[in-house]
Amino acid sequence: MKKYFSMKINKRTAWATLALMMATAGMCSCSSNDTEDKPLSNEDNKPIELTLTRAEQDLVNESNDFAFNLMRQVSTPPTDGQKEKSIILSPISITYALGMLNNGAAGETQQQINQVLGFGETGADGINDFCRKMLTAAPSLDKLTKVMIANTIFMNKNYNILPDFLQKAKRYYDAEPETRDFHDGKTLDVINQWASDHTEEMITKVLDPNSFSPNAVSYLLNAIYFKGAWAQKFSKDDTRDEAFEGAGKKVPMMHQEHEFGYTEDELCQVLNLPYGNGSYTMTILLPREGKTTDDVLQKLDKENWKRYLLTYPAIVDVKLPRFESNTDQNLNEIMTKLGMPLAFTDFAEFPFFCDQPTKIGMMKQVARIKLNEEGTEAAAVTVIGMIETTSTNHEPRRIEFHATRPFLYIISEQQSGAIFFIGKYVGD
């Protein structure tokens with residue numbers, strides 16, 4: 001029997017990888033860990049333990065609550081005549097984009113950003129220190145999991161970024177802003193090419209002529225790319241087309257039986273599928289018969305998430321769809337509802353960002369995931385457009401886990417439970 005990858009929470013190492021967001025190439029640096037073609041032994045690819053402060057350990061729990069709140073806002077039940085859609089989001093990409101912009105904020109605007117992201121009274125400097133620490137460490141956790149993190153700022157030539165903001169963007173986020181003529185007819189293509197370059201061409205367009213404004217003050221971008229091979233791969237020979245509840249069609253269903261981390265409650269079955277050396281894991285939350293993904297979402301919070309990570313080994317008969325999913329999500333209204341309305345109004349306070357009063361004109365995220373027998377490839381780009389203002393152990397038991405109906409999934413770092421991606425698959 002192969003080694004079981006547990007999902008124990010290490011209280012000394014919380015928030016281990018809340019950083020898969022930022023590095024740059026050319027205009028910014030880029031951090032990655034390339035997967036190896038040759039097989040690695042457990043000795044060659046041991047998980048790395050990260051030591052974080054108690055404050056950082058507490059922050060990861062609050063940040064995960066933001067992830068669940070975000071998913072609840074986006075995952076609204078379909079109205080009459082509408083079909084439910086699959087969703088893929090990277091809440092941590094939003095955290096990093098806003099974390100960098102937060103260095104230009106002040107007053108109630110900054111307080112609202114801190115509260116929504118779960119940072120409370122930590123302050124911008126504490127967030128910066130943490131982001132820098134994680135930025136340098138996250139890509140090296142697993143040699144079999146490729147991680148690329150990117151961040152940059154495109155600045156309109158008619159505006160000047162303030163020196164202190166520029167210094168913090170470089171120091172903590174490896175961001176090297178590029179000043180451009182937004183009316184040159186090329187900047188839109190340059191931004192989209194940057195997104196493509198930093199997501200291995202998974203996301204080739206983050207802005208279009210309708211969402212790009214040549215009169216904008218700046219565009220701040222974050223990119224995340226993740227590619228992990230299952231620790232226990234599925235065999236393509238065992239994949240069969242099977243019915244998926246609510247989809248009205250058959251989907252390619254992968255199948256294997258193996259020992260995995262498992263738990264359950266009255267709402268759902270919970271299965272942990274590790275990648276590589278187990279540093280990163282996909283957690284699948286399959287609602288019980290008669291329950292829905294929204295029922296599970298309503299109960300998901302930082303405490304339940306920690307409980308779901310405490311799995312026990314079981315022999316699990318797994319069926320899981322092979323699928324691709326993408327989301328192009330406008331975040332203005334979502335973030336306003338979550339509690340930071342000021343940033344989008346003429347009363348926004350970003351006095352430390354540039355030489356003119358600004359507000360967030362648009363905020364969106366484009367994300368994509370590909371899941372197959374080999375593993376998972378996922379990417380997200382978050383863009384913020386700034387504009388001027390006008391004013392315990394158990395004996396293994398055999399479990400049947402057949403994901404033949406809509407389910408939630410979360411890609412997280414094992415030691416801390418920090419959430420990188422969260423999504424819903426409904427068979428579309």
Side-chain angles (χ1 to χ4, degrees), residues 9 14-22 52 55-76 87-103 105 108-124 126-128 130-131 134 138 151 220 222 224 283 285 293-294 296-309 327 329-344 360 363-365 367 378 380-384 408-413 416-424:
I9 297 175
W15 253 30
T17 51
L18 195 62
L20 285 182
M21 296 306 111
M22 318 185 102
L52 302 169
E56 290 167 342
Q57 295 171 21
D58 293 337
L59 285 175
V60 70
N61 296 328
E62 302 301 327
S63 180
N64 284 344
D65 258 353
F66 163 66
F68 302 133
N69 289 334
L70 174 70
M71 189 65 180
R72 277 189 281 269
Q73 286 290 332
V74 176
S75 180
T76 55
I87 298 167
I88 170 68
L89 296 168
S90 178
I92 214 150
S93 178
I94 298 171
T95 295
Y96 269 75
L98 283 175
M100 181 170 63
L101 179 60
N102 206 27
N103 288 307
E108 189 174 353
T109 300
Q110 189 177 67
Q111 292 174 20
Q112 288 184 358
I113 293 173
N114 288 340
Q115 292 297 328
V116 167
L117 295 180
F119 292 112
E121 302 302 320
T122 301
I127 298 171
N128 290 336
F130 172 78
C131 288
M134 296 300 98
N151 170 71
L220 298 86
N222 290 74
I224 173 173
T283 302
L285 297 93
T293 54
D294 287 312
V296 178
L297 266 179
Q298 291 307 312
K299 296 293 185 181
L300 260 181
D301 57 22
K302 58 188 177 185
E303 297 303 326
N304 280 333
W305 174 236
K306 288 192 293 184
R307 185 166 56 83
Y308 284 151
L309 292 179
T327 298
Q329 181 67 51
N330 187 299
L331 294 169
N332 288 36
E333 185 177 356
I334 298 295
M335 301 306 293
T336 295
K337 288 182 178 179
L338 287 176
M340 49 172 283
L342 267 181
F344 299 92
I360 299 177
M363 183 175 178
K364 65 179 296 191
Q365 184 178 99
V381 175
T382 301
V383 56
I384 300 176
L408 301 173
Y409 59 88
I410 296 170
I411 296 177
S412 67
E413 192 279 322
S416 66
I419 296 170
F420 293 10
F421 292 90
I422 183 169
K424 175 174 69 174

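Remember, predicted model here, so these are calculated numbers, not experimental data.
For the pair Ser93 and Asn222, the tightest heavy-atom approach, listed with the atom from each and the gap, is OG-CB, 3.7 Å. Of all heavy-atom pairs between Ala380 and Phe421, the closest is CB-CE2, 4.0 Å. Counting all heavy atoms, side chain and backbone alike, Asp294 lies closest to Ser75 at OD1-O, 3.1 Å. In terms of heavy atoms, Ile87 sits closest to Thr327 at CA-OG1, 3.5 Å. Contact detail for Met71 and Leu297: the closest heavy-atom pair is CG-CD2, 3.7 Å. Heavy atoms only, all atoms of each residue included: Leu338 and Phe66 are closest at CD1-CE1, 3.9 Å.
Gln298 is linked by a side chain to side chain contact (heavy atoms under 4.5 Å, CB included) to Arg72, counting only residues two or more places apart in sequence or in another chain. Take Asp301 and apply the side chain to side chain contact (heavy atoms under 4.5 Å, CB included) test, not counting sequence neighbours, and it matches Asp65, Glu303, Asn304. Annotation: side chain to side chain contact (heavy atoms under 4.5 Å, CB included) contacts of Glu108 (sequence neighbours excluded): Gln112, Leu342, Glu349. Take Ala343 and apply the side chain to side chain contact (heavy atoms under 4.5 Å, CB included) test, not counting sequence neighbours, and it matches Thr109, Met340, Phe350, Ile360.
Here the CG atom belonging to Leu89 is positioned 11.5 Å from the CD1 atom belonging to Ile410, to the nearest 0.5 angstrom. The structure places CZ of Phe344 at 7.5 Å from CG of Leu331, a figure rounded to the nearest 0.5 Å. Atom CD of residue Gln329 and atom CE of residue Met363 lie 11.0 Å apart, to the nearest 0.5 angstrom. Atoms OG and CG, on Ser412 and Asn64 in that order, are 8.0 Å from each other to the nearest 0.5 Å. Atom CG of Leu98 is separated from atom CG of Leu220 by 9.5 Å, given to the nearest 0.5 angstrom. Note that the CD1 atom of Ile92 and the CZ atom of Phe420 stand 5.5 Å from one another [nearest 0.5 Å].
Trp305 is listed as a side-chain neighbour of Ile419, based on a closest heavy-atom distance under 4.5 Å. Looking at heavy atoms from C-beta onward, Ile113 lies out of side-chain contact with Phe119 at the 4.5 angstrom threshold. In this structure, the side chains of Leu408 and Ile422 stay at 4.5 Å or more apart for every pair of heavy atoms.
The backbone N or O of Gln365 lies less than 3.5 Å from no partner atom in the side chain of Thr382, so there is not a single donor-acceptor pair. Side chain of Glu62 to backbone of Leu117: no donor-acceptor contact under 3.5 angstrom is found.
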Exercise for review: I would like to know whether Asn69 and Gln73 meet side-chain contact (heavy atoms from CB on, under 4.5 Å); could you show each step before the answer?
Suggested key: CA-CA 6 Å; Asn69 289 334; Gln73 286 290 332; 5.8 Å; no
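Screening residues 333-343 for salt bridge (Lys or Arg N to Asp or Glu O under 4.0 Å) gives Glu333-Lys337 as the qualifying pairs, with residues at least two apart or on separate chains.
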